[in-house]
Amino acid sequence: MLVCANALLAFRAYWESGQPSYVVVAVALSLAAAGALGYGGWRKRELLRAGTPTAVSAYAIAALTMVSLVASVAGVLSVLAVR
């Protein structure tokens, strides 16, 4: 939800300022949110299958951490840019 909310903030910053770089950030964050949702659905199916659940990949954790960090920075910058 964090990534999606910050994508909406970036879209709002674009509508307020008209700078196309905000659209790029908003689209990238929207794609990242969709990717996280897809990964979550896949992970849920994996855990519900019979057998021993596997641990979450360190790459998945690192990717989600980086996406969350970028989303937070983009959200803060888009709020500050509108002012």
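Here, residue 1 is the first one in the sequence, and each next residue gets the next number. Values below: all heavy atoms of this structure, side chains included; hydrogens, waters and symmetry mates excluded.
Rounding to the nearest 0.5 Å gives a distance of 11.5 Å between CG of Leu64 and OG of Ser57. Atom CG of Asn6 is separated from atom CG of Leu77 by 10.0 Å, given to the nearest 0.5 angstrom.
Qualifying side-chain hydrogen bond (donor to acceptor under 3.5 Å, both in side chains) partners for Glu46, counting only residues two or more places apart in sequence or in other chains: Arg49. In this structure, the side-chain contact (heavy atoms from CB on, under 4.5 Å) partners of Leu47, at least two apart in sequence or on a different chain, are Arg43, Pro53. Applying the side-chain contact (heavy atoms from CB on, under 4.5 Å) test to Ala74 and every residue at least two apart in sequence or in another chain returns Val25, Leu29. The side-chain contact (heavy atoms from CB on, under 4.5 Å) test applied to Val27 returns Phe11, Val23, Leu31, not counting sequence neighbours.
Tyr39 forms part of a hydrophobic cluster together with Trp42, Val56, Ile61, judged by ILVMFWY side-chain heavy-atom separations under 4.5 Å. Hydrophobic clustering, defined by side-chain heavy atoms of Ile, Leu, Val, Met, Phe, Trp and Tyr closer than 4.5 Å, leaves Leu8 isolated from every other such residue.
Taking every heavy atom of both residues into account, Ala33 and Cys4 meet most closely at CB-N, 4.2 Å.
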